[in-house]
Number of protein chains: 2
Amino acid sequence: MKRKKEVTIYDLAKELNYSPSTISRALNNHKSIGKKTIKEIQKVANELGYRPNSVAASLRSNKSKTIGIMVARINSPFMSTLISGVEDAAKKAGYNVIISQSNELYDNEVTNAKALYDSRIGGLIVSLAMETTSTDHFRQFQEKDIPIVFVDRVPKDFNSYRVIIDNYAAGFRATKHLIDQGCTKIAHFAGSQHVNVYNMRKKGYLDALEESNIKIDPELVINLPTMSLEEGTEAMRKLLKIDNSPDGLFSANDAAAVGAILVAKEEGVKIPEELAVIGFNDDPVASIVEPSLSTVSHPARKMGELSIQRILDHSKTSLGSSVSEITMLDTEVIIRNSSLKKTNESIPVKKAIV
Amino acid sequence: MKRKKEVTIYDLAKELNYSPSTISRALNNHKSIGKKTIKEIQKVANELGYRPNSVAASLRSNKSKTIGIMVARINSPFMSTLISGVEDAAKKAGYNVIISQSNELYDNEVTNAKALYDSRIGGLIVSLAMETTSTDHFRQFQEKDIPIVFVDRVPKDFNSYRVIIDNYAAGFRATKHLIDQGCTKIAHFAGSQHVNVYNMRKKGYLDALEESNIKIDPELVINLPTMSLEEGTEAMRKLLKIDNSPDGLFSANDAAAVGAILVAKEEGVKIPEELAVIGFNDDPVASIVEPSLSTVSHPARKMGELSIQRILDHSKTSLGSSVSEITMLDTEVIIRNSSLKKTNESIPVKKAIV
DNA sequence: ACCATTCAAACAATCGATTGCTTTATAGAA
DNA sequence: TTCTATAAAGCAATCGATTGTTTGAATGGT
C-alpha cells in the first residue's frame, strides 16, 4: 500500500510561484499578504486538497491547539457531561482535547501528567484523584506558562485557575432542607475529607445543624471511601442498627444515596416519612429511583465550558503563570419525593418523570 | 514570566560529548548503542530533567502516538464506558486519546474528521452519528494507511476493522424471552433504520416473532428518532391508546424503555403482568427503575479495549489499508422484574439491588 | 522628477527529534 | 602482522510550518 504523498505548503509554493512563507501567511490570513493573493492561494490549496500539518505548526510555534484533561474516571454522569462540555467548547475555538484518567490513583495522575507534558499540550484541565495530596507534578506546566484549570476537585495549595461550585453552601442548604422538613436526626455520608468537595459539603452539613441547634451525633456521620452505591447500602444497614437511628440523610453523592434508599425500602423504612433523603449531583438515576431522589444539581457542562474559557483567556491576557482566579458556580437544591414530607407542597407527577 | 528553557537532546549531547543521534538512539534503547552508553545517557537525561518532545518526534517520523476517537456523544453510560476502556488500553501502550463528538450530526462528523486528520493521529476509532450515511470523510485516513476501527455503529460499505456486538441475535433473544413469558402482542421501539444496530435489533425482533408464528402488527413497531426517554414516554402513550394494546415491549435501548415504564405505571398498567418490558444496554438506571428493567448487556469497556488492540495490531502486521476484520462480541440477556412473569423463577431481591 | 512611506512578498533560520549512510575503533581471523 | 568483519557513534538531511528581517515595488506628496 503506497501512501499518497501529502500536499505541503512547499508544493503549493511551487505550483503557484510564491514562497512558502507567503503561502503560510496567506493560509493564516496574515495582513501583510494581498487580498487577491490570499484568495488565489486558498483556492488552489483547496483544489489540491492541502491539509495543514498541525504537528509541524506546533513544533515551530511551540504552541499547541490541544488541551489535556485529567480526571479520575470519565464514565460517571457528572464527569462525562463535564468533558462533553469541554469538548464542545474546545472545538468551537479550534482546539482538540486529549483525555486521561487516573482511576483515583496518585501514581497514575503523575504518569498522565508526564505524558500530557510530553505531547506539549496548550492547556490542562484537572479534576484531582481521591488519593492526590501533592501537586508537584503540575509544576512543570506552570514553569512553561501552560495554563492549568482545576475543576471540581481542586487542590488547596496550588496557584492557578479554579472552576468549582460552592460545596459549602450546597451542603448547608441540602441539610437545611432536611431540617425544614422536620428532621432532627440527620445522618451524613461523607467522602474522603482531604478532597475539597466532600470536606466542604460536610462543613456545610455541620454548620446547618449547628445553626438549628441540633447536636451533632458522630455516629450519624459515616465516611465512605469511594461513595459507591454498594458503600451506601452498607452504611445504611449500619445506620438502621444503631439505637438512635436517623430520620434524615444527606449523602454527598447520589450513588450512595440510592444505595441507602434501596436498603431502606428493603427494610420497610418509609421514605420520606421515616427517613428523608437528599443526595448530590442529580445523576440520571436520581429522577428514576423510587421515590425520586432529592439532590443538588451541578452545572457539569457549564463547568467544562468555563474551564476552556479560562484557558483561552489566559493565552490572550498572558498574565503569566502566577494568576489564581476562582470561578464559583451556583448549585440548585432539587426537591423530589425522597425528602418531601409536607404534602401541601407536593410535586406533580410529571415533574418527577421528566 | 520567563519560561524555563527546555532540555533537548542537543543539550544532552553537549553535556555528554555525544552526538544528538547517539542521544536519540540511546533514549530509545537502540541496539547500535553500547549498553553502558545507554545507561550513562539515560541517567544524565533524568538528572537534567529531559522530557522528549513527542511533537518533534511525530513530525519527523510521521507517526503519532495519538489515537482519535469520534462518537456521537461521550456522555452516555455506554459510550463513556467504552471510551474509558479505550483510554486505559491506549495508555498501557503509550498512546494518547483525542476525543471528539458529532452530536449525531453528519456535518460535525466531517469537520471532526478533518481536525483529527490535521493533527496526524496514528489511528481512529469511530462510532457513527445517526445522520451519517456517507463515509467519504474516512477515505483520507485509509489513503494514508491510518487504521480505522468502527465500533458499535458501523457503516455497511467501508472496508476496515469493525468491533460490534451481534445485534441481530440480541434482538432475537430479547424478543424470544418475551414470547417465552407468554407475550403475544409485542411492541418494539426501533431507532433509525439506517443505523446498523437498530436495524439488526429490529430484524431479530421480527424473525423471533415469525419463528413463533406471531403475526407482525405494524402498529406495534414505533420508530423513535433519538430513542430518548421522552420519546419513550410519548410512544408508550400512543401504544396504550390503540385497540389492541401490547402485552410486551422490546425497546432498542434502556432510556426509551424506562420512559415507557414510567408512563405505564402512571396509567396503572401492571408490569410485567400486563406489559412485560425489556430494554437494551444495561444502563445503570435499568437496575434502579422499578420494576427493575430486563435488558441486554453490552460489553462496553471490552469493546473499547479491543478497538485499541486492532489499531496496535495493524501497525505491527502492516497488512495495508484494505483489511476488513470483524470482531463480534457476545451480549447477555439480563432478566429482571420488568419481564419476569413466571413466579417460579423469580429473582432474589439482592440481585435486583446490586 | 525625487525621496519618503507603505504594502507585498521573499529569504533563511528555526523548532527537536529521527534515520540512512558513513566513519572510526575494536576484535578476530588468517 | 595485515586484513576483514562487526560494533559503536557521528554526519547531515529531513519532517512542514512559522516568523523576524529584508528586499522590491508601488504609491503619494511636494
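Convention: sequence-line order gives letters A, B, ...; per-chain numbering from 1. Because the structure is a prediction, the values reported are computed rather than measured.
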Review point. Quick one: side-chain hydrogen bond (donor to acceptor under 3.5 Å, both in side chains) pairs with a partner in residues 16-28 of chain A, sequence neighbours left out?
Key: A:Tyr18-A:Glu40, A:Ser19-A:Ser21, A:Ser19-A:Thr22
Go through the structure and list residues passing salt bridge (charged side-chain N to carboxylate O under 4.0 Å, His left out) with [X], not counting sequence neighbours.
X        : result
B:Lys114 : none
A:Asp107 : none
A:Arg301 : A:Asp88
B:Glu87  : B:Lys91

Set of residues satisfying side chain to side chain donor-acceptor pair (under 3.5 Å) with respect to [X], sequence neighbours excluded:
X       : result
A:His30 : A:Ser32
A:Tyr50 : none
B:Tyr95 : none

Exercise for review: Please round to 10 degrees the angle between the axis of the first five pairs and the axis of the last five pairs in the helix from C:dA1-D:dT30 to C:dA30-D:dT1.
Suggested key: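 Inter-axis angle at the termini of the helix from C:dA1-D:dT30 to C:dA30-D:dT1: 50°.
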Study note, to complete from the structure: In B/S/- notation (B base, S sugar-phosphate only, - none; protein heavy atoms under 4.0 Å), nucleotides 10-23 of chain C written 5' to 3' is BBBBBBBBBBBB--
Check your understanding: Would you say the side chains of A:Thr327 and A:Arg310 form a donor-acceptor pair under 3.5 Å?
Key ->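 The criterion, which ignores hydrogens and geometry beyond distance, is satisfied for A:Arg310 and A:Thr327.
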Point to revise | Interface residues of residues 33-47 of chain A with DNA chain D (non-hydrogen, below 4.0 angstrom) | key: none
Exercise for review: Just grab all the ring-ring contact (aromatic ring centres under 6.0 Å, His included) pairs involving residues 99-120 of chain B, residues at least two apart or on different chains.
Suggested key: B:Tyr106-B:His137, B:Tyr117-B:Phe141
